[in-house]
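For reference, the structure is listed below as structure tokens.
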Amino acid sequence: MKRFIGFIKKEFYHIFRDKRSLFILFGMPVAQILLFGFAITNEINNVDIAVLDYARDNESQKIIEKIKASTYFHVENEILNEKAIEEEFKKGKIKAVLLFEKDFAKKLQTEKKATVQVITDATEPNVASTIANYTQSIIQNYQNQKNTVQKNNGVVIQSRMLYNPELKSVFNFVPGVMTVILMLVSAMMTSISITREKELGTMEILLVSPLKPFQVILGKVFPYVFLSIINAIVIVSMGYFIFGMPINGSVFLLAFESILFIITALSLGILISTISNTQQTAMMISLMGLMLPVIILSGFIFPIASMPLPMQVISNIIPAKWFIIIVKSIMLKGVGLEYIFKETLILVGMTLLFMGLSIKNYKTRLE
């Protein structure tokens, strides 16, 4: 045990001696959470739009004033005819035009139906879709208030957003960034650390030392467990204190699930190291085989339900998918283990599978 502890201390000294890698390990989470939290967002604020009001009556003006009062839009100007719409879009100053038909108030009173057309610049599809949804929500809210005041007997739809009423995109990015960082630090750095020993020819020296082979492997990966836990704490703390990310569930359950995912990623890194003889090979497998699937197929940025069926099936073998579901469930919904039992068992099964394959490969190599 003294030899094992000494070996772990040696690995910590080796990591702390490399200042550049250490800066990347601890600087990358901070940079990414700030980048995703402030710069990359699905929300819109102060988007420039224009208005084409053929009606110019009391009802249309009230809706325009309500839109102006929101923080989502800034009414840049009022245009006079439909011919000017395309010209305004070509200038690139506005992202949408609200078009009120003639006799808007009259049709609303007599026919109970009037049209507001929302014309958006769809060169950025996500932004255009968001603008259309926001304007529809504002107009619907105005109509609901009007129906309440006039005691209209028509159906009034009242929507309520649970867990994220302000639709903050950072509530999605914090779990995603946490997953990406833990996967990269745990898997990629571990695989590179072990293959570096192979490439330099020092792994054989370690394996013929008094330490058992499994002690060598545990000693190599233990420092990255420690570093990954620190990264998880930093990410969750920044999300909570800077972006207001709630932690509605158990902190201890969140810590347990995070450590489980770290062990899963570490076992995957060990598996990569068993099939790689050079650091370059391990780096390519880790980046191309882990980073892109984690970002694309985990539900971090793109909803899995919107993907083709084959991609949905493939996403089930990505550990990050299940961890993101777990983190969102704990932090946003405040659920207990009984609600995320399936996802937890899947991570446990993946961990055992990766470890079993790694042990088998190491035994083969040792023989």
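What you see is a predicted model, and the numbers here were worked out from it, not measured in a lab.
Panel note: side chain Thr264, backbone Leu260; a donor-acceptor pair is recorded below 3.5 Å. With Glu11 contributing its side chain and Gly219 its backbone, the two residues share no donor-acceptor pair below 3.5 Å. In this structure, Ser186 contributes its side chain and Met183 its backbone to no donor-acceptor pair below 3.5 Å. Using modelled atom types, no side-chain atom of Ser237 and backbone atom of Val234 make a donor-acceptor pair closer than 3.5 Å. Listed for the Glu343 side chain is no donor-acceptor partner under 3.5 Å among the backbone atoms of Trp322. Between the side chain of Asn77 and the backbone N or O of Ala50 there is no donor-acceptor pair closer than 3.5 Å. For the pair Ser191 (side chain) and Gly269 (backbone), a donor-acceptor distance under 3.5 Å is absent.
Atom CG of residue Asn81 and atom CG of residue Leu99 lie 10.5 Å apart, to the nearest 0.5 angstrom. Distance check: Asp121 CG to Ile131 CD1 gives 8.0 Å after rounding to the nearest 0.5 Å. Taking CZ from Phe354 and CD1 from Ile270, the interatomic distance works out to 11.5 Å, rounded to the nearest 0.5 Å.
Between Phe73 and Tyr134, the ring-plane angle classifies as perpendicular under the 30° and 60° cut-offs.
For an aromatic pair to be called close, the ring centres must be under 6.0 Å apart, and Phe243 with Phe173 fails this.
Between Thr195 and Ser273, the side chains place no donor N or O within less than 3.5 Å of an acceptor N or O (distance only, hydrogens not considered).
No side-chain heavy atom of Ile79 sits under 4.5 Å from any side-chain heavy atom of Glu87. With contacts defined as side-chain heavy-atom distances shorter than 4.5 Å, the pair Leu290/Ile272 qualifies. The shortest side-chain heavy-atom distance between Tyr54 and Glu82 falls under the 4.5 Å cut-off.
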Inset, instruction - Could you check Asp57 against Ser60 for side-chain contact (heavy atoms from CB on, under 4.5 Å), going step by step and ending with a plain yes or no? - result: CA-CA 6 Å; Asp57 52 37; Ser60 65; 3.1 Å; yes
